[in-house]
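Here's the structure we're looking at; comments come further down.
Every chain is numbered from 1, with letters handed out A, B, ... down the list of sequences. Keep in mind it's a predicted model, so treat the numbers as computed, not measured.
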Number of protein chains: 2
Amino acid sequence: MSRKYIDNPNACTLVHTMNIIGNKWKPIIIYLLSNGPMRFGKLNALVPTISKKVLTTQLKELENDELIIRKSYAEIPPRVEYSLSEKAKGLLPVLKELSQWAENNFPEIEFEECRIVDL
Amino acid sequence: MSRKYIDNPNACTLVHTMNIIGNKWKPIIIYLLSNGPMRFGKLNALVPTISKKVLTTQLKELENDELIIRKSYAEIPPRVEYSLSEKAKGLLPVLKELSQWAENNFPEIEFEECRIVDL
DNA sequence: TAAAGTGGTAACCCTGAAGTAACCTATGTC
DNA sequence: GACATAGGTTACTTCAGGGTTACCACTTTA
């Protein structure tokens, strides 16, 4: 008789984490929101390469996973603010370590294209 | 004049990290290899739901990113051993923190299906 | 009266990641 | 001579994530 499946829950919680934040846009969104609450339009302006539709779905998924909080004001024109939940804030130091790891281990990459233009 | 692009390299190193390990199988592979070198067949047996083709491409990509080391012996039948590089070992504590974060913040999830069967 | 501002939704398409099944190499063994 | 073994490759198909464009609601401003 031989084992056939993964033994360790660590691997699976990891998989779960990746399902939540391991995609193209979510780390960026979480990072941006770490500076404080932000409106939909501002997020969209800061990441012009994301379409409104995709931004909407990413925010909705993050909200479902309770990583961000959506607060909408009954105004015209509408105003909606997104902010990080406590769950997400607990993630920030780990994300920072991941960044650090990448910087330390891939020094050949300049990450220039990430630098700013103007706001 | 207003800023139009993301300001912070943190977000982008993060994106880079996610590109490397943020997918369905790589965290699992890295975790399994953290127990020591392992052969292709054993990896495949431990994760029976991954196809040989996909396992091959994942291992190849991890090797290109210098996270794992592929050692092949000129024997018949062939023998190939995979192990973690130093780069990848530096990542392990962070991955563990990510696991920990998921366990702490999603207590409602049992992660039962991750438990073992037999080896 | 028409355009701008805000936060979306609806319908559609496209691509790349992942999955399936068959095949290959070279040897040893029945 | 047929099969098993280990580590793949090749060709084909499927599917979900992401992308594009158009449109909406409601008010203020020009």
Side-chain angles (χ1 to χ4, degrees), chain A residues 2 4-6 11 15-30 32-33 37-65 67-83 119, chain B residues 2 4-6 11 15-30 32-33 37-65 67-83 119:
Chain A
S2 65
K4 284 194 170 166
Y5 301 104
I6 294 176
V15 170
H16 188 245
T17 306
M18 289 306 167
N19 285 338
I20 292 179
I21 61 160
N23 79 344
K24 187 169 177 181
W25 300 113
K26 287 176 184 171
I28 297 181
I29 294 173
I30 292 174
L32 288 175
L33 289 180
M38 209 173 277
R39 298 178 61 173
F40 183 92
K42 175 109 173 234
L43 281 169
N44 206 175
L46 285 172
V47 195
T49 49
I50 192 175
S51 66
K52 282 198 294 182
K53 177 199 145 193
V54 174
L55 180 53
T56 303
T57 66
Q58 300 298 304
L59 289 170
K60 211 173 281 178
E61 288 175 16
L62 285 170
E63 196 196 354
N64 284 341
D65 291 327
L67 289 194
I68 65 175
I69 295 159
R70 181 182 188 278
K71 195 171 179 182
S72 112
Y73 300 82
E75 299 173 4
I76 296 280
R79 182 158 71 98
V80 179
E81 262 187 6
Y82 294 93
S83 57
L119 183 58
Chain B
S2 65
K4 285 196 170 164
Y5 302 106
I6 293 177
V15 170
H16 188 245
T17 307
M18 289 306 167
N19 284 338
I20 292 179
I21 60 158
N23 80 347
K24 186 168 177 182
W25 298 114
K26 287 174 184 172
I28 297 181
I29 295 173
I30 292 173
L32 289 174
L33 290 180
M38 210 174 276
R39 301 178 59 171
F40 183 92
K42 175 111 174 232
L43 281 170
N44 207 174
L46 286 172
V47 195
T49 48
I50 194 176
S51 66
K52 282 200 293 182
K53 177 201 144 192
V54 173
L55 181 53
T56 303
T57 66
Q58 300 299 304
L59 289 170
K60 211 173 281 176
E61 289 176 17
L62 284 170
E63 196 196 356
N64 284 341
D65 290 327
L67 290 193
I68 64 174
I69 295 158
R70 181 182 189 280
K71 196 171 179 182
S72 112
Y73 301 82
E75 301 175 1
I76 297 283
R79 181 156 70 99
V80 179
E81 261 187 5
Y82 294 93
S83 56
L119 183 57

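Taking both residues in full, the closest heavy atoms of B:Pro27 and A:Met18 are given as CG-CG, 3.7 Å, listed atom of the first, atom of the second, then distance.
The side chain of A:Arg70 sits closest to C:dG7 out of C:dG7, D:dG19, D:dG8. Between D:dG7, C:dT20, D:dT9, one nucleotide has an atom nearer to the side chain of B:Thr56 than all others, and that is D:dT9. The side chain of A:Phe40 lies closest to C:dG8 when the candidates are C:dG8, D:dG7, C:dA18. Out of C:dT6, D:dC12, C:dA10, the shortest distance to the side chain of B:Lys53 is found at D:dC12. In this structure, of C:dA18, D:dT9, D:dC26, it is D:dT9 that holds the atom nearest to the side chain of B:Lys60. Side-chain proximity of A:Trp25 to the nucleotides C:dG7, D:dG19, C:dA18 is greatest for D:dG19. Counting only heavy atoms from C-beta on, A:Arg39 has its side chain closest to C:dT6 among C:dG8, C:dT20, C:dT6. For B:Arg79, the listed nucleotide lying nearest its side chain is D:dG7; candidates were C:dG7, D:dT20, D:dG7. The side chain of B:Ile76 sits closest to C:dA26 out of C:dA26, D:dT20, D:dA6.
The interatomic distance linking B:Ile20 (CD1) with C:dA17 (P) rounds to 15 Å, in whole Å. Remark: C1' of C:dA17 and CG of B:Asn23 are 9 Å apart, rounded to the nearest angstrom. The distance from atom CG of B:Leu43 to atom P of D:dG8 is 10 Å, rounded to the nearest whole Å.
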Given A:Val80 and A:Arg70, is the side chain to side chain contact (heavy atoms under 4.5 Å, CB included) satisfied, shown in steps? CA-CA 7 Å; A:Val80 179; A:Arg70 181 182 188 278; 3.8 Å; yes

Take B:Glu81 and B:Tyr73 through the test side chain to side chain contact (heavy atoms under 4.5 Å, CB included) and record every step on the way to the result. CA-CA 8 Å; B:Glu81 261 187 5; B:Tyr73 301 82; 3.7 Å; yes

Donor-acceptor contacts, no H, no angles, side chain residues 54-62 of chain B, under 3.5 Å, sequence neighbours left out:
from, atom 1, to, atom 2, distance (Å)
B:Thr56, OG1, B:Lys52, O, 2.7
B:Thr57, OG1, B:Val54, O, 2.9
B:Gln58, OE1, B:Asn23, ND2, 2.8
B:Glu61, OE1, B:Lys26, NZ, 2.6

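Of the side-chain N and O atoms in B:Tyr82, one or more sit less than 4.0 angstrom from OP1 or OP2 of D:dG8.
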